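Report on the following structure.
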Amino acid sequence: MYVAVKGGERAIDNAHLLQAKLRRGDTRIPELSVDQVREQMPLAVARVMSEGSLYDPQLAALAIKQAAGDLMEAIFLLRAYRTTLPRFTASTPLDTTQMQLSRRISATFKDLPGGQLLGPTFDYSHRLLDFALLAEGEHPGPQVNPDAELSDCPRVLEFLAEENLMAREVDDGVAVPDITREPLDFPASRAQRLQALARGDEGFLLALGYSTQRGYGRNHPFAGEIRIGELEIWLEPEELGFAVPLGDIEVTECEMVNQFVGGKGIDAQFTRGYGLAFGYAERKAMGMALVDRSLRAAEYAEELEGPAQQEEFVLMHCDNVEAAGFVSHLKLPHYVDFQSELELIRKLRKQEREQPAAEEQRA
Amino acid sequence: MNTNEIYTRSEPASVVGGRSAGSGMYDVVHEDAEHRPYANQAGAVACEVGYNFAYLDEQTKRMIRRGLLKAVAVPGYQVPFGGREMPLPYGWGTGGMQLTAAILGADDVLKVIDQGADDTTNAVSIRRFFARTAGVKTTTRTPEATVIQTRHRIPETPLTNDQIMVYQVPIPEPLRFIEPSETETRTMHALEDYGVMHVKLYEDIATFGHIATSYAYPVTVDERYVMDPSPIPKFDNPKLHMSPALMLFGAGREKRLYAVPPFTRVVSLDFDDHPFAIQSWDECCAFCGSRESYLDELIIDDAGSKRFVCSDTDYCMQRRDAEEEGAQ
């Protein structure tokens, strides 16, 4: 019997084996190890951890290997695993001023306490293919000064807040909802929004942030501060009554200084947008900060004129696991619905053919 | 509660609707730490090690069942639920799978269809998922199934009050293509403000001479909520009306679930001068000769010759078996 999509477990199994073969490539080339992915593709690992909402470089590297380098697929793998994990507790809030910085820059001040720390970056590199990398070899890295000490790096935006030039962010003390456990409702709280953006697709947030720069809901951003480094995670178990350190994670934080609000008797103040991502993920953190700020339009009574300012639009479409799933489902058989459309369109055509004929007869 | 206590069900899924309810839905059972819940229930042994019965953890299933109770209490109302990420992509039946996981008991017999057929790839994949994670019996025969998960069809064989249908839903909001904002559509449902839907259908008639919706055709449930019956062809809409089976709808990506309880009025929207009508074919099924079932069109040669066959493969098989028996 003819079946349009003949499935069968064997066909599916074989498809998976073929995919595994595609992933492995030429077997004369040594297999890529998960350790190699983790150590040598740290930026891919960071993206998968951020959008997969799970800080585990080893599992993220495994997901990248398993997904044959398809980062969205890797993110999906990590998310599906994350869902099965029990939730013990929430950590105490991260204090990013305590970060062991590897990079810290501010575009709003020439110099500042703690200084500008360029750290590792692609910025200012000329994008010329480095053919030396075609050959394997040692890459010694820069000379380091073992006695160098990092001075305190207070937050840049805090200086502005001290002067009352920056709107202060106040902790309202409300319990933080978990968008992976409770469905999002609208209007969303800022905590929900930031969670959704932290999981959101880097490309989508980048494009939306870019659209605000080009005038679709402009908010005049300055990169107030970007910091990347290791941060200690603390837990306060209920039975203990005090916090204990759990370990270090790497994060990227971005605070944007945005156009001021005020007037009509209220002192003018700058506003801010906030971005945070796991690992070294500058582009993601910047995109997130731009979109966070544009989603605060209603809070500052700004006119909504760009897609980046429309909360439902942004939050319902920023998740690439959802987006990729729904777009890819078009590959599933739809022949029943298509048949009903065929039946309808034929009926409409038939009616159109017959109607003029009937009118002619009457004439 | 101490850590050695686990919750387990004393009865197969009998949470909602016309199936036998146990004395208590959950009993607290004291077990030693090694004991694996469900391992000895009715001989059903989950084959996949390391995951709970039917994949989801019990807390999640309970959360979904609470949502289902609300959905049954308010027929056609979309209940938000904390949908989980499933190991299958969104859009591939994650909503239906979560509902199935939440109601499945060890004694259940599961049937999964996609486009009416048991052997389409995604139906095979979902059926295998539950065979592996829940170890339940599966079937392709509609009368034998206690739970039927479906995408895009309702079986031709009439359902009974011992059966639960689980529908996979892509977009649960019938008003979505008229009003994209969820905030707006929730208000419209609350106010029973469905005028725009009738205007849309009217515009179809003005443009094409017919209502130009052939699947996911909107219905009114129990004279209150306008509901998307999922993308079933409108051919299947009448089967929803006063069905003895419980109908559950799950949208995973959109995190909504809704229900039509047994024996509920389900009316397809229409106008007095343009009454609702289902699809019909001039042809009959090339295999079983049925003139009553929904037909798929196959193109069988390069000249574009067509053949029509039942979309419900089990129904078609039943008819052919009966014919053979009759002939003997």
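These values consider heavy atoms only, across backbone and side chains, with no hydrogens, waters or symmetry-generated copies. Below, read A as the first sequence line, B as the second, and so on, with proteins coming before strands; counting in each chain starts at 1. Keep in mind that what you see is a predicted model, and the values were worked out from it rather than measured.
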| Distance-minimising heavy-atom pair for A:Gln339 and B:Asp296 | NE2-C, 4.3 Å
| said: Regarding B:Glu297 and A:Arg346, does a basic nitrogen lie under 4.0 Å from an acidic carboxylate oxygen? | reply: yes
| B:Arg253 vs A:His329, side-chain hydrogen bond (donor to acceptor under 3.5 Å, both in side chains): CA-CA, chis, key distance, verdict | CA-CA 12 Å; B:Arg253 197 174 32 76; A:His329 108 284; over 6 Å; no
| note | Given B:Glu182, B:Met86, B:Arg84, B:Met63, the one with more heavy-atom pairs under 4.5 angstrom with chain A than any other is B:Arg84
| said: Measuring only between side-chain heavy atoms, which start at C-beta, is A:Ser340 closer than 4.5 Å to B:Tyr294? | reply: yes
| remark: dist A:Glu312:CD -> B:Thr183:OG1 (nearest 0.5 Å) comes out at 4.0 Å
| Taking all non-hydrogen atoms of both residues, which atom of A:Pro333 and which atom of B:Thr120 are closest, and how far apart? | CG-CG2, 4.3 Å
| said: So, taking the atom named OH in A:Tyr335 and the one named CG in B:Asp114, what distance separates them when rounded to the nearest 0.5 Å? | reply: 7.0 Å
| Given that the side chain runs from C-beta out, which part of B:Pro170 has a heavy atom under 4.5 Å from chain A: side chain, backbone, both or neither? | both
| said: To check you understand the geometry: which heavy-atom pair defines the closest contact between A:Val336 and B:Arg153, and what is its length? | reply: CG1-CD, 3.6 Å
| Residue-level interface, residues 76-85 of chain A with chain B, non-hydrogen cut-off under 4.5 Å | A:Phe76, A:Arg79, A:Ala80, A:Thr83, A:Thr84
| At a heavy-atom separation under 4.5 Å, does A:Leu342 approach chain B through its side chain, its backbone, both, or neither? | side chain
| query | Side chains of A:Leu344 and B:Tyr215: does their closest heavy-atom pair fall under 4.5 Å? | reply | no
| field | chain B contact via A:Glu341 - side chain, backbone, both or neither, heavy atoms under 4.5 Å | value | both
| At a heavy-atom separation under 4.5 Å, does B:Phe308 approach chain A through its side chain, its backbone, both, or neither? | side chain
| query | Is A:Arg199 paired with B:Glu85 through a side-chain N to carboxylate O contact shorter than 4.0 Å? | reply | yes
| remark: dist A:Ser328:OG -> B:Trp92:CH2 (nearest 0.5 Å) comes out at 5.0 Å
| message | Is B:Leu56 close to chain A through its backbone or its side chain, or both, or neither, when contacts mean heavy atoms under 4.5 Å? | response | neither
| request: Using non-hydrogen atoms and a 4.5 Å limit, figure out which bit of A:Glu322 sits close to chain B: side chain, backbone, both or neither. | output: both
| message | Would B:His210 and A:Gln351 count as a side-chain hydrogen bond (donor to acceptor under 3.5 Å, both in side chains) here? Give the steps. | response | CA-CA 10 Å; B:His210 283 281; A:Gln351 166 190 293; 2.7 Å; yes
| query | So, B:Arg128 and A:Asp13, do they make that salt bridge, N to O below 4.0 Å? | reply | yes
| Checking B:Ser311 against chain A: side chain, backbone, both or neither under 4.5 Å from a heavy atom? | side chain
| Measuring heavy-atom distances to chain A, does B:Phe208 have an atom under 4.5 Å in its side chain, in its backbone, in both, or in neither? | both
| task | Pick whichever of B:Ser181, B:Gly209, B:Pro80, B:Pro87 has the most heavy-atom pairs under 4.5 Å with chain A. | result | B:Ser181
| query | Among side-chain atoms of A:Glu343 and B:Ser214, is any donor-acceptor pair under 3.5 angstrom? | reply | no
| said: So which atom in B:Lys255 and which in A:Pro183 form the shortest heavy-atom distance, rounded to 0.1 Å? | reply: CB-CB, 4.2 Å
| said: Please classify the contact of B:Leu88 with chain A as side chain, backbone, both or neither, using a heavy-atom distance under 4.5 Å. | reply: backbone
| task | Below 4.5 Å from any heavy atom of chain A, which atoms of B:Ser125 appear? Answer side chain, backbone, both or neither. | result | both
| query | With a 4.5 angstrom heavy-atom cut-off, which part of B:Phe235 approaches chain A: side chain, backbone, both or neither? | reply | neither
| remark: Within residues 274-285 of chain B, contacts to chain A at heavy-atom distances under 4.5 Å involve B:Gln279, B:Ser280, B:Trp281
